[in-house]
Amino acid sequence: MIPVSSRASTIEYAIRDVVVPATKLESEGHNIIKLNIGDPIAYPGLPTPPHMVEAYRAGLLDGNNGYSPSYGLPDLREAIADDETSKGWNCSKDDVYVCHGVTEALQIIFAATLEKGTKVLAPGPHYPPYMAYPQMYGASTVEYALKSDDGWSIDLDDIESKMDENVRLLVLINPNNPTGNVAGEDEISKLLDIAKKWPNCMIVADEIYDALDFSGKQVSVASLSKDVPVFSLNGVSKVYYAPGWRIGYLAIHDPTDVLVDVRDGIERLLRSRLCASTPAQLGYLAGLKGDKGWMNDYLSKVQARRQLCLDRIASIDGIEVEAPGGAFYLFARLTDDIWANDDKQFVLGLLHEEHVLVVHGSGFSPEKGAGHIRIVYLADLNTLNTAFDRIDAFLQRHRSAKK
Ligand SMILES: Cc1ncc(COP(=O)(O)O)c(C=O)c1O
């Protein structure tokens, strides 16, 4: 047997790992209600806006099928820079680098900033790649706590206690996946005050859910930073409802010009991987330039689905949740003792017995996510009602079986 690298054999991505048993059940003829994946297109009523699809298609038909410049199409870089500037900081098109989604942007940032022995400080629980990728560069991820009893707000004391000269990247996912917490201006300013004490520390501001904010608190980290360098991450996947296009970006905010060498490294890495998809960039451009009135209709739909889930959870014994401020996730606590340390077993049991698929909280952090499940609440209201009926039945059955 030819050995696999240890780097590949240890990678996990809980959100898709649970799909394997679900696919098996589907192949046996069962219908599964899938509330596991943060892909709005997987659910009815939230299609990619037609004017964006049209621009993508026109791009194909007009022959825009070649490589684009490595940092992105100039018009798209300009439109992204204008959009970031509208969020409160001075972003020029040269600060914007278009990637194959935020996922590739993260890999580029990690490759350009991490070395053996360095650290990434990321929220726990968090979106899995923040744990999976840094180790590929010899670095490690250290979790800082989100407060599970305070709406999953960031624990600034915990961050302060974990900072040292090896922390290169301090991550804020805002709104957060999986908890939906939104950090506001006051918390972000305090986070920047902490980061400022460490001259090698840069902030990764993953703002991919920024327009899915129900709290009214969301604010760009770059807009508040006067001295700490910030990588602002965003793209077409969530707010523009086109995750399969694989387009995102990193925008560099470098108020004290300390990222000259890092920027050069990022540009080298980007050139070495050629470019992001050209026609998909045209689709995103249409989204940024076009009328955004449609976003309010989409937001109302998402909000109605969120409210239904909150109401249903409030009336079911064995599950409770901190109401999320943004994104489209609920990170719910399993309150029956049997599940407190076995959320994965809950997920597998629910899948096999009730054909409802959610993700185990420990997949987002073995320590800080245990005893929770993540529910994507984008399905239509009927489907959500059915899913909660089944969750309720499952909880009751196992509670009485234990007695
Ligand atoms: C916090 C966060 N960042 C990034 C991504 C992936 O972004 P992209 O589709 O642009 O690669 C996700 C997807 O779920 C996410 O939740």
Side-chain angles (χ1 to χ4, degrees), residues 12-22 32-38 122-128 130-132 141-155 157-158 162 173 176-181 306 309-325 327-377 384 387-403:
E12 282 181 27
Y13 189 79
I15 303 161
R16 287 186 182 238
D17 291 350
V18 290
V19 174
V20 178
I32 308 295
I33 300 180
K34 292 191 197 129
L35 306 180
N36 64 308
I37 192 151
H126 54 253
Y127 177 59
Y130 285 100
M131 183 62 81
T141 302
V142 177
E143 290 182 316
Y144 67 81
L146 300 180
K147 297 185 204 161
S148 60
D149 54 355
D150 183 26
W152 299 100
S153 58
I154 53 179
D155 188 335
D157 294 335
D158 198 38
K162 288 174 176 161
I173 305 172
N176 179 271
N177 173 9
T179 67
N181 171 255
R306 169 182 178 273
C309 294
L310 291 175
D311 293 346
R312 288 298 311 263
I313 290 178
S315 68
I316 295 177
D317 280 345
I319 184 167
E320 62 184 29
V321 72
E322 300 274 330
F328 36 59
Y329 307 106
L330 294 167
F331 204 60
R333 190 173 307 122
L334 301 168
T335 55
D336 289 341
D337 289 348
I338 32 168
W339 307 119
N341 290 314
D342 214 350
D343 45 290
K344 180 117 190 227
Q345 203 44 51
F346 176 93
V347 167
L348 293 175
L350 184 71
L351 172 64
H352 283 96
E353 292 175 35
E354 297 289 345
H355 300 158
V356 175
L357 182 60
V358 295
V359 186
H360 46 293
S362 51
F364 298 91
S365 166
E367 188 197 333
K368 301 192 163 62
H372 291 78
I373 53 169
R374 191 193 75 168
I375 300 170
V376 177
Y377 59 76
L384 289 171
F388 279 106
D389 289 345
R390 294 186 190 178
I391 289 173
D392 193 9
F394 180 83
L395 283 164
Q396 287 189 37
R397 187 178 322 123
H398 286 270
R399 197 176 306 135
S400 50
K402 206 191 150 224
K403 279 182 189 151

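If you're wondering where the values come from, they're calculated on a predicted model, not measured in any experiment.
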Taking [X] for its side chain and [Y] for its backbone only, find out whether a donor-acceptor pair lies under 3.5 Å.
{"X": "Asp150", "Y": "Trp152", "value": "no"}
{"X": "Asp343", "Y": "Gly361", "value": "yes"}
{"X": "Asn181", "Y": "Gly151", "value": "yes"}
{"X": "Ser362", "Y": "Gly369", "value": "no"}
{"X": "Arg333", "Y": "Gly371", "value": "no"}
{"X": "His126", "Y": "Ala122", "value": "no"}
{"X": "Arg306", "Y": "Pro324", "value": "yes"}

Counting only heavy atoms not in Lys368 (residues, nucleotides, ligands), do more than 12 fall under 6.0 Å from its NZ?
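Count over threshold, so yes.
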Give a yes or no on this: more than 12 heavy atoms of other residues, nucleotides or ligands lie within 6.0 Å of atom CG of Asp389.
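More than 12 within 6.0 Å, yes.
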Under the salt bridge (Lys or Arg N to Asp or Glu O under 4.0 Å) test, which residues partner Asp158, sequence neighbours left out?
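Scan of Asp158 (salt bridge (Lys or Arg N to Asp or Glu O under 4.0 Å), adjacent residues dropped) gives Lys162.
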Working for side chain to side chain contact (heavy atoms under 4.5 Å, CB included), residues Asp317 and Arg399:
CA-CA 10 Å; Asp317 280 345; Arg399 197 176 306 135; 3.7 Å; yes
Ile375 side chain reached by Asn36 side chain, heavy atoms, under 4.5 Å:
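They are not in contact (no side-chain heavy atoms under 4.5 Å apart), so the answer is no.
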Go through Val376 and Val358 one step at a time and tell me if the side chain to side chain contact (heavy atoms under 4.5 Å, CB included) criterion holds.
CA-CA 8 Å; Val376 177; Val358 295; over 6 Å; no
For the residue pair Ser365 / Glu143, report whether a side-chain donor-acceptor contact shorter than 3.5 Å exists.
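Side-chain D/A pair, Glu143 to Ser365: present.
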Can you name the ring pair (Phe, Tyr, Trp, His ring centres under 6.0 Å) partners of Phe394, sequence neighbours left out?
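For Phe394 the ring pair (Phe, Tyr, Trp, His ring centres under 6.0 Å) partners, ignoring immediate neighbours, are Trp339, Phe346, His398.
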Can Glu354 and Arg397 be counted as an ion pair, charged N to O under 4.0 angstrom?
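Yes, charged N to carboxylate O under 4.0 Å.
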